[in-house]
Amino acid sequence: MDSKPSLIVHRLILMGINGTYESHFKAGLNIIRGSMDSGKSTILHMINYCLGGSNKKILYEEVKAKVRTLFLEVSFNGKIFTIERSLRE
């Protein structure tokens with residue numbers, strides 16, 4: 001039996017000068033909602049950055065001042081991994 005590759009995001013962790021923030025996700029469809037300028041797009045850009053993308057869309061003043069490190073906990077083909085990326089320019 002052939003199995004398809006799968007990547008499931010479980011949690012995004014932001015470590016900064018004021019403590020730690022965690023955003024939890026479940027398998028399947030997750031809806032990120034909130035008021036305007038509450039960080040919905042930033043969460044998606046941070047996930048993209050942890051997966052190897054650019055940090056250009058998340059390095060605005062508030063994030064640069066407060067967040068130091070991002071962690072993304074994922075399962076890839078059933079095995080759990082934690083990806084760590086420093087948030088630098």
Side-chain angles (χ1 to χ4, degrees):
M1 171 184 357
D2 291 339
S3 63
K4 295 181 182 179
S6 68
L7 177 72
I8 298 172
V9 175
H10 295 285
R11 168 169 87 132
L12 175 67
I13 304 165
L14 288 66
M15 292 188 73
I17 60 171
N18 294 330
T20 302
Y21 168 81
E22 290 189 33
S23 186
H24 295 265
F25 303 93
K26 297 179 182 177
L29 177 66
N30 287 266
I31 298 173
I32 300 171
R33 64 183 188 102
S35 61
M36 196 165 153
D37 287 332
S38 63
K40 300 175 300 295
S41 295
T42 302
I43 288 172
L44 296 175
H45 293 309
M46 287 179 172
I47 291 171
N48 181 59
Y49 176 63
C50 286
L51 293 173
S54 169
N55 66 359
K56 288 182 172 48
K57 292 187 178 183
I58 54 177
L59 282 180
Y60 49 87
E61 293 308 314
E62 185 177 5
V63 173
K64 284 196 300 188
K66 294 182 179 179
V67 180
R68 297 295 178 253
T69 307
L70 301 172
F71 297 89
L72 187 68
E73 183 182 283
V74 300
S75 60
F76 181 65
N77 293 338
K79 294 181 182 176
I80 295 181
F81 297 91
T82 301
I83 301 164
E84 176 182 352
R85 288 212 63 190
S86 176
L87 196 62
R88 291 186 239 144
E89 294 185 64

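Worth knowing before you read on, the calculation uses all heavy atoms, side chains too, and leaves out hydrogens, waters and symmetry mates. Quick caveat, the model's predicted, so the values are computed rather than measured.
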Engineer: Below 3.5 Å, can you tabulate the donor-acceptor pairs from side chains in residues 17-27 to any protein atom, sequence neighbours excluded?
Structural biologist:
{"unit_1": "Glu22", "atom_1": "OE1", "unit_2": "Arg11", "atom_2": "NH1", "d": "3.0"}
{"unit_1": "Glu22", "atom_1": "OE1", "unit_2": "His24", "atom_2": "NE2", "d": "3.1"}

Engineer: Would Phe76 end up clustered with Ile47 when hydrophobic side chains under 4.5 Å apart are linked, directly or stepwise?
Structural biologist: yes

Engineer: Indicate yes or no: at least one non-hydrogen side-chain atom of Ile58 is less than 4.5 angstrom from one of Leu70.
Structural biologist: yes

Engineer: Just how far is it from atom CZ of Arg68 to atom CG of Leu14, taken to the nearest 0.5 Å?
Structural biologist: 12.0 Å

Engineer: Enumerate the residue pairs fulfilling side-chain hydrogen bond (donor to acceptor under 3.5 Å, both in side chains) with a member in residues 31-53, sequence neighbours excluded, ordered by first and then second residue.
Structural biologist: Thr42-Tyr60

Engineer: Report the residues that fulfil side-chain contact (heavy atoms from CB on, under 4.5 Å) with Phe71, sequence neighbours left out, ordered by chain and then residue number.
Structural biologist: Ile13, Met15, Thr69, Thr82, Glu84

Engineer: Closer than 3.5 angstrom, by distance alone: can the side chain of Asn77 be matched with the main-chain N or O of Ser75 as a donor-acceptor pair?
Structural biologist: no

Engineer: Tell me, please, which residues at least two apart from Ser86 pass side-chain hydrogen bond (donor to acceptor under 3.5 Å, both in side chains).
Structural biologist: Arg88

Engineer: Should Ile32 and Ile8 be counted in the same cluster of Ile, Leu, Val, Met, Phe, Trp and Tyr side chains packed under 4.5 Å apart?
Structural biologist: no

Engineer: Is there a side-chain contact (heavy atoms from CB on, under 4.5 Å) between Val63 and Met46 once you walk through the steps?
Structural biologist: CA-CA 11 Å; Val63 173; Met46 287 179 172; 4.0 Å; yes

Engineer: Is there a continuous path of hydrophobic side-chain contacts, each under 4.5 Å between heavy atoms, that joins Leu44 to Leu7?
Structural biologist: yes

